[in-house]
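Remember, predicted model here, so these are calculated numbers, not experimental data. Heads up: numbering here begins at 1 and tracks the sequence.
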Amino acid sequence: MQRFDPTTPAGRPRLTVDFSRLLPEGVTIDSAEVTIEVHALSAGADADPGSRLDGAPEIGSGATTIAQRFRDGIENVDYVLTFIATFTDGQVEPVEAELSVRRYI
């Protein structure tokens, strides 16, 4: 599983996954979806993790990356985001990534 650098509850990172290594030659990303849930081993809880996704996912220039804004995470919660790419050849590939929210002093 890919891991993003931790953020704070006030953080609003733009999280990006690069699908280049998964794309066959001549194929790009046609559509994108991102889902989110609390990691099964998270020390904290979040009753509404879907509300942490800020806007729709964006397909990057060159159509090889997917980016998603994250907001208002809850301290001590570890989230798992699943970036789901549908390629122009019809193949569907998910990539999971973990994001931790921590308090920094």
Calculate, to the nearest 0.5 Å, the distance between atoms [atom1] and [atom2] belonging to [X] and [Y] respectively.
{"X": "Ile29", "Y": "Glu93", "atom1": "CD1", "atom2": "CD", "value": "10.5 Å"}
{"X": "Asp89", "Y": "Leu23", "atom1": "CG", "atom2": "CG", "value": "8.5 Å"}
{"X": "Glu75", "Y": "Arg103", "atom1": "CD", "atom2": "CZ", "value": "6.0 Å"}
{"X": "His39", "Y": "Leu99", "atom1": "NE2", "atom2": "CG", "value": "12.0 Å"}
{"X": "Thr65", "Y": "Ile59", "atom1": "OG1", "atom2": "CD1", "value": "8.5 Å"}
{"X": "Arg21", "Y": "Thr64", "atom1": "CZ", "atom2": "OG1", "value": "12.5 Å"}

Is there a path from [X] to [Y] through hydrophobic residues (I, L, V, M, F, W, Y) whose side chains come within less than 4.5 Å of each other?
{"X": "Val95", "Y": "Ile84", "result": "no"}
{"X": "Val27", "Y": "Leu22", "result": "yes"}
{"X": "Val80", "Y": "Phe70", "result": "no"}

**Q.** Check: Glu58 and Ile66 side chains under 4.5 Å, non-hydrogen atoms
**A.**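 No, their side chains stay 4.5 Å or more apart.
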Nearest heavy atoms of [X] and [Y], plus distance in Å:
{"X": "Thr28", "Y": "Gly62", "value": "CG2-O, 3.8 Å"}
{"X": "Pro9", "Y": "Val101", "value": "N-CG1, 3.6 Å"}
{"X": "Val38", "Y": "Ser42", "value": "CG1-CB, 3.6 Å"}
{"X": "Ala32", "Y": "Pro57", "value": "O-CG, 3.7 Å"}
{"X": "Ala56", "Y": "Gln68", "value": "C-OE1, 3.8 Å"}

Q) Does the ring pair (Phe, Tyr, Trp, His ring centres under 6.0 Å) test come out yes or no for Phe19 and Phe83, once each step is laid out? A) CA-CA 10 Å; Phe19 284 82; Phe83 290 71; 7.4 Å; no
(Q) Using the rule given for side-chain contact (heavy atoms from CB on, under 4.5 Å), can you reason through Glu98 versus Ser100, listing the C-alpha separation, both sets of side-chain angles and the distance that settles it, and then say yes or no? (A) CA-CA 7 Å; Glu98 184 177 345; Ser100 298; 3.9 Å; yes
Q.
Between Asp46 and Arg52 (salt bridge meaning N to carboxylate O under 4.0 Å), is one present in this structure?
A.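 Result for this pair is yes, salt bridge flagged.
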Q: Indicate yes or no: does Asp78 engage Arg102 in a salt bridge with an N to O separation below 4.0 Å.
A: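 The answer is yes: the pair qualifies as a salt bridge.
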Q) With a 3.5 Å cut-off and no angle check, do the side chains of Thr88 and Asp30 form a donor-acceptor pair? A)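 Distance-only check fails for Thr88 and Asp30.
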(Q) Closer than 3.5 angstrom, by distance alone: can the side chain of Ser51 be matched with the main-chain N or O of Asp48 as a donor-acceptor pair? (A)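 Pair found, side chain donor or acceptor close to backbone of Asp48.
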Q. Between the main-chain N or O of Gly55 and the side-chain N or O of Arg69, is there a donor-acceptor pair closer than 3.5 Å?
A.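 It does not hold such a pair.
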**Q.** Arg12, CZ atom: more than 12 neighbouring heavy atoms under 6.0 Å
**A.**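 Yes, the 6.0 Å shell around CZ holds more than 12 heavy atoms from other groups.
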**Q.** side-chain contact (heavy atoms from CB on, under 4.5 Å) between Leu15 and Leu81, worked out
**A.** CA-CA 9 Å; Leu15 307 170; Leu81 293 93; 3.9 Å; yes
